[in-house]
Amino acid sequence: TALGHAHPAVTRAIQKQAAQVIHTSNLFLIEPQVRLAEELVRRSFADRAFFCNSGAEAVEAMIKLARRWGAQKGGGRFEIIVGSGGFHGRTLGALSATPQEKYQKDFGPLLPGFITCPRGDLEAFRRAVGEKTCAILVEPIQGESGVHPLSREFVHGLRALCNEKGILLLFDEIQVGMGRTGSFFAYEHYGVEPDALTLAKALGNGMPVGALLARKELAELLGQGSHGSTFGGNFLASAAALATVKEIAKKTTLQNVVRQGAALRNGLEELARKFPARVKEIRGAGLLVGIELHEAVEGVQKAARERGLIVGVAGPNTIRFAPSLLVTKKEVGTALSILESALEATQP
């Protein structure tokens, strides 16, 4: 819910569409889906959009697209290289691309064809590329493992490596796209364009919708009937997502992300200086910021919740902030004040 709860523009779009038609077979032309695709394509590197219901489904579609490319254009390639600490979803294919034991445990055997390299280690990725490699899949900022942004040098290196080896570069922006970092897409910060990209989460401001964006020559490999989703991109989800995209893309929204993100980060840096024995590092971009402690964070999280602040936990020791993109200066200040109180209350 990147625009907060009951945002008037999204609420109006849902109410208007629900009073007309919610769902039809996708054998019919769904006008809001077309308009949504046009909005996303206009703002991105991509030429085509495929819609589904969730982030995991978008990743599954991207895995299928990469393998279809490998089969038809890559001489039978099928392996995808991923980074350690990545998180791409909980369905079997997306889980196979998620090299974290806590998510994969007891769900084997997993889908073969995924190779894991240390996050940010370009030489390891280079060594892993072989004759069966079809793509490299990464999150520009790993959200689930503790808010770990990839370096600009590394991302540029991946793009160059994929160009050199003639393979695909795939970005998972399910957590970090849609304005979260201060630009509409996270890849814009790096000056690098992927060949395909996934979106979900904030795309519908709470309505279930995901998307796969790709260049025309790649997207066309998934021809009619080769992939689909019964509810994907239906009238109601598309109408909500269309209103959400337009609101997030506003200059005022993105400027607020940059401004309040800087205020949040500065405040957390101050807390790091005040509690040097407990705070290890501050990481993130825009309004996705993590504060890593030298200790387990559940106690601090509980103390913050008791004082009226809900924060997430990412990785073993990181508190993750991901507020509404419309969060105010006052709300950021209140959050920082509560976190400080929670840290004080849990002093060892």
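The residues of the chain are indexed from 1 along the displayed sequence.
Not one N or O on the side chain of Arg48 forms a donor-acceptor pair closer than 3.5 Å with the backbone of Lys216. Between the side chain of Thr98 and the backbone N or O of His88, at least one donor-acceptor pair lies under 3.5 Å. Arg126 places no side-chain N or O within donor-acceptor distance of the main-chain N or O of Leu161, the cut-off being under 3.5 Å. The backbone N or O of Ala2 sits less than 3.5 Å from a side-chain atom of Asn205, completing a donor-acceptor pair. At distances below 3.5 Å, at least one donor-acceptor pair connects side-chain atoms of His189 with backbone N or O atoms of Thr181. A distance-only check finds no donor-acceptor pair linking the side chain of Arg68 to the backbone of Leu222 [under 3.5 Å]. Under a 3.5 Å cut-off, the side chain of Asp195 and the backbone N or O of Arg215 do not form any donor-acceptor pair. The main-chain N or O of Ala94 is found under 3.5 Å from a side-chain atom of Glu60 such that the two form a donor-acceptor pair. Side chain of Thr334 to main chain of Lys330: a donor-acceptor pair is present (N/O by atom type, distance under 3.5 Å, no hydrogens or angles). Side chain of Arg159 to backbone of Glu193: a donor-acceptor contact under 3.5 angstrom is found.
Counting non-hydrogen atoms of neighbouring residues, nucleotides and ligands closer than 6.0 angstrom, the CD atom of Glu131 reaches no more than 12 such neighbours. Open room surrounds CD on Glu31; 12 or fewer heavy atoms of other groups in view lie less than 6.0 Å from it.
Here the straight-line distance linking atom CD of Gln260 with atom OG of Ser324 works out to 10.5 Å at 0.5 Å rounding. How far CD1 of Ile319 is from CG of Leu268: 9.0 Å, rounded to the nearest 0.5 Å. To the nearest 0.5 angstrom, Ile167 atom CD1 is 4.0 Å from Ile136 atom CD1. Atom CZ of Arg12 is separated from atom NE2 of His7 by 8.5 Å, given to the nearest 0.5 angstrom.
In this structure, His156 has no ring pair (Phe, Tyr, Trp, His ring centres under 6.0 Å) partners at least two apart in sequence or on a different chain.
Nearest heavy-atom pair, Ile80 versus Cys134, reported as atom, atom and distance to 0.1 Å: CG1-SG, 3.8 Å. Ala211 and Cys52 get closest at one heavy-atom pair: N-SG, 4.2 Å. Closest approach of Pro323 to Leu287, counting heavy atoms only: CD-O, 3.6 Å. Pairing each heavy atom of Ala13 with each of Ala239, the nearest pair is CB-O, 3.7 Å. Residues Ile22 and Ala18 come closest through the heavy atom pair CG1-CA, 4.0 Å. Heavy atoms only, all atoms of each residue included: Ala200 and Ser54 are closest at CB-C, 3.9 Å.
When each of Leu213, Ile174, Val245 is checked for a side-chain contact (heavy atoms from CB on, under 4.5 Å) with Leu199, only Leu213 meets the rule. When the options Val289, Val313, Leu288 are evaluated for a side-chain contact (heavy atoms from CB on, under 4.5 Å) with Arg320, the one that passes is Leu288.
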- Apply the test salt bridge (Lys or Arg N to Asp or Glu O under 4.0 Å) to residues Glu306 and Lys302: give CA-CA distance (whole Å), side-chain angles for both, the deciding distance (0.1 Å), then the verdict. CA-CA 6 Å; Glu306 290 170 348; Lys302 181 175 183 293; 2.4 Å; yes
- Message: As a quick check of understanding, evaluate salt bridge (Lys or Arg N to Asp or Glu O under 4.0 Å) for Glu344 and Lys274, giving each step before the final call.
- Response: CA-CA 10 Å; Glu344 289 174 342; Lys274 184 170 183 178; 3.3 Å; yes
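A salt bridge links Glu247 with Lys250; the closest basic N to acidic carboxylate O contact falls under 4.0 Å. Using a 4.0 Å cut-off between charged nitrogen and carboxylate oxygen, Glu39 and Arg43 count as a salt-bridge pair.
Sorted by first and then second residue, the salt bridge (Lys or Arg N to Asp or Glu O under 4.0 Å) pairs involving residues 251-273 (not counting sequence neighbours) are Arg265-Glu269. Pairs passing the ring pair (Phe, Tyr, Trp, His ring centres under 6.0 Å) check and including a residue from residues 95-146, sequence neighbours excluded, read Phe87-Tyr103, Phe125-Phe154.
Phe45 and Tyr187 have perpendicular rings, their planes meeting at more than 60° on a 0 to 90° scale where under 30° would count as parallel.
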